[in-house]
Amino acid sequence: MRIAVFTGAGISTSVGIPDFRGPDGVWTKHPEQTNVYDYDLFLADRAARMYSWHWQKESAVWRAQPGPAHAALVSLESAGLLSIIATQNFDGLHERAGNSSSLVVNLHGTIATSHCLSCGAGYETSAIMDALDAEPDPHCSHCGGLLKTDVTYFGEALPHGAMERAAAGIEEADELWVIGSSLEVYPAASLVPFAFQQGKRIRILNAQPTGMDGYAATSDILRAPIEEALPQLVQEYVEKYA
């Protein structure tokens, strides 16, 4: 038995990171905040760029720690049952929890690292944030180019090869588990119909109904809290298949 896992904001809200599109999401309540991740605006407007950096510095991502749901996926990997984690989250919590980076595909990038848009030099984002008061519009120390986090902004393509890696992991799996995603954001959400076309069993664990619930059997749609339901589901599979 091999499991491919697709995670969204719901697995991170359980450890205190607000989601974006849920009923109480940041963008639901404050739609203007989407400008924080507008790539063209980031390039063109210094004030918008400074605000984007400041907003990201204040993110709960920096204070959050992996929770029971993240730990459950580490157990799934340790049991040899995990083929891939394709995540829409950029918080890095799967890796910090202990999942192998080779099995985690960050579909929307990561906030942990940044790069120069001119020469490509890489940076640890935490170091940029530490110096943000002195340099609120960070530039490259090598060439003077603009710095940007490795989060995928609106208007940018997904990281090179991310969808292909995720699809390959699904092809290797017997089941796809969707954990905490509204499945509204493309192209990432297209992995669910792809899995269905491949004949994979699909389980959906999400607080709200999704537009893709029809790909899963009614008994495979779970509405319980992720931090409780996912560890239980993993334990059942470990006991049965490991």
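With hydrophobic clusters built from ILVMFWY side chains whose heavy atoms lie under 4.5 angstrom apart, I202 does not share a cluster with W177. Transitive grouping of hydrophobic side chains (ILVMFWY, heavy atoms separated by less than 4.5 Å) keeps L41 and Y51 in distinct clusters. Note on M212 and L205: separate hydrophobic clusters, where clusters join Ile, Leu, Val, Met, Phe, Trp and Tyr whose side-chain heavy atoms are under 4.5 Å apart, directly or indirectly. Following chains of ILVMFWY side-chain contacts shorter than 4.5 Å, one can reach V61 starting from Y123, so the two form part of one hydrophobic cluster. Note: the hydrophobic cluster containing V234 does not contain L176 (ILVMFWY, side chain heavy atoms under 4.5 Å, direct or indirect links).
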For D174 and K200, run side-chain contact (heavy atoms from CB on, under 4.5 Å): C-alpha distance rounded to whole Å, both residues' side-chain angles, the deciding distance at 0.1 Å, then the answer. CA-CA 6 Å; D174 300 288; K200 312 301 181 182; 5.9 Å; no
Would you please test L81 and E175 for side-chain contact (heavy atoms from CB on, under 4.5 Å) and show each step? CA-CA 10 Å; L81 301 179; E175 301 184 7; over 6 Å; no
Please step through side-chain contact (heavy atoms from CB on, under 4.5 Å) for the pair I221 and N206, ending with a clear verdict. CA-CA 8 Å; I221 298 174; N206 195 57; over 6 Å; no
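Counting only distance, with no hydrogens or angles, the side chain of E236 and the backbone of K240 share no donor-acceptor pair below 3.5 Å. Using a distance-only test at 3.5 Å, with no hydrogens or angles considered, a donor-acceptor pair links the side chain of N99 to the main chain of L73. S52 places no side-chain N or O within 3.5 Å of a backbone atom of A48 that could act as its donor or acceptor partner. In terms of modelled atom types and a separation under 3.5 Å, the side chain of R2 and the main chain of E171 share no donor-acceptor contact. Between the side chain of D150 and the backbone N or O of I111 there is no donor-acceptor pair closer than 3.5 Å. S100 places no side-chain N or O within donor-acceptor distance of the main-chain N or O of S102, the cut-off being under 3.5 Å. Under the 3.5 Å distance criterion, the side-chain polar atoms of T210 are left unmatched by any main-chain donor or acceptor of S182. Between the side chain of H108 and the backbone N or O of F90 there is no donor-acceptor pair closer than 3.5 Å. Under a 3.5 Å cut-off, the side chain of S83 and the backbone N or O of G169 do form a donor-acceptor pair. One N or O on the side chain of W62 and one on the backbone of Q56 form a donor-acceptor pair closer than 3.5 Å.
To the nearest 0.5 Å, atoms CG (D38) and CZ (R49) are separated by 12.5 Å. Rounding to the nearest 0.5 Å places NE2 of H70 at 9.5 Å from CD of E95. Taking OG1 of T218 as the reference point, atom CD1 of I204 lies at 10.5 Å (rounded to 0.5 Å). For the atom pair S219 OG and R203 CZ, the distance stands at 7.0 Å (nearest 0.5 Å). I11 contributes atom CD1, which lies 10.5 Å from atom CD1 of I17 (distance to the nearest 0.5 angstrom). Atom CG of L93 and atom CD of Q65 lie 8.0 Å apart (nearest 0.5 Å).
Inter-residue side-chain proximity for Q88 and S181 is flagged as met; some heavy-atom pair is nearer than 4.5 Å. Taking the side chain as every heavy atom from C-beta outward, C140 and C119 approach each other to under 4.5 Å. Considering only heavy atoms from C-beta on, W53 comes within 4.5 Å of F42 through its side chain. When side chains are defined from C-beta on, V15 does not count as touching P66, because their heavy atoms never get closer than 4.5 Å. Here the side chains of I179 and V5 are in contact, with some heavy-atom distance below 4.5 Å.
Residues V104 and H94 share a closest heavy-atom pair of CG2-CB, 4.1 Å. Between I3 and M1, the shortest heavy-atom distance links the atoms CD1-SD, 3.7 Å. Shown here for I226 and A69, the closest heavy-atom pair between the two residues is CG2-CB, 3.7 Å. A pairwise comparison of heavy atoms in H139 and D137 identifies ND1-O, 2.7 Å as the closest pair. Of all heavy-atom pairs between L107 and L158, the closest is O-CD2, 3.4 Å. Scanning both residues, L191 and A86, for their nearest heavy atoms gives CD1-CB, 4.3 Å.
Here D213 pairs with R223 in a salt bridge; the nearest charged N to carboxylate O distance falls below 4.0 Å.
Open room surrounds NE2 on H54; 12 or fewer heavy atoms of other groups in view lie less than 6.0 Å from it.
Taking the ring centre of Y153 as origin, the terminal cationic atom of K148 falls inside the region bounded by 6.0 Å and 45° from the ring axis.
For S14, the side-chain contact (heavy atoms from CB on, under 4.5 Å) partners two or more places apart in sequence, or in a different chain, are E227.
Pairs passing the ring pair (Phe, Tyr, Trp, His ring centres under 6.0 Å) check and including a residue from residues 187-209, sequence neighbours excluded, read F196-Y215.
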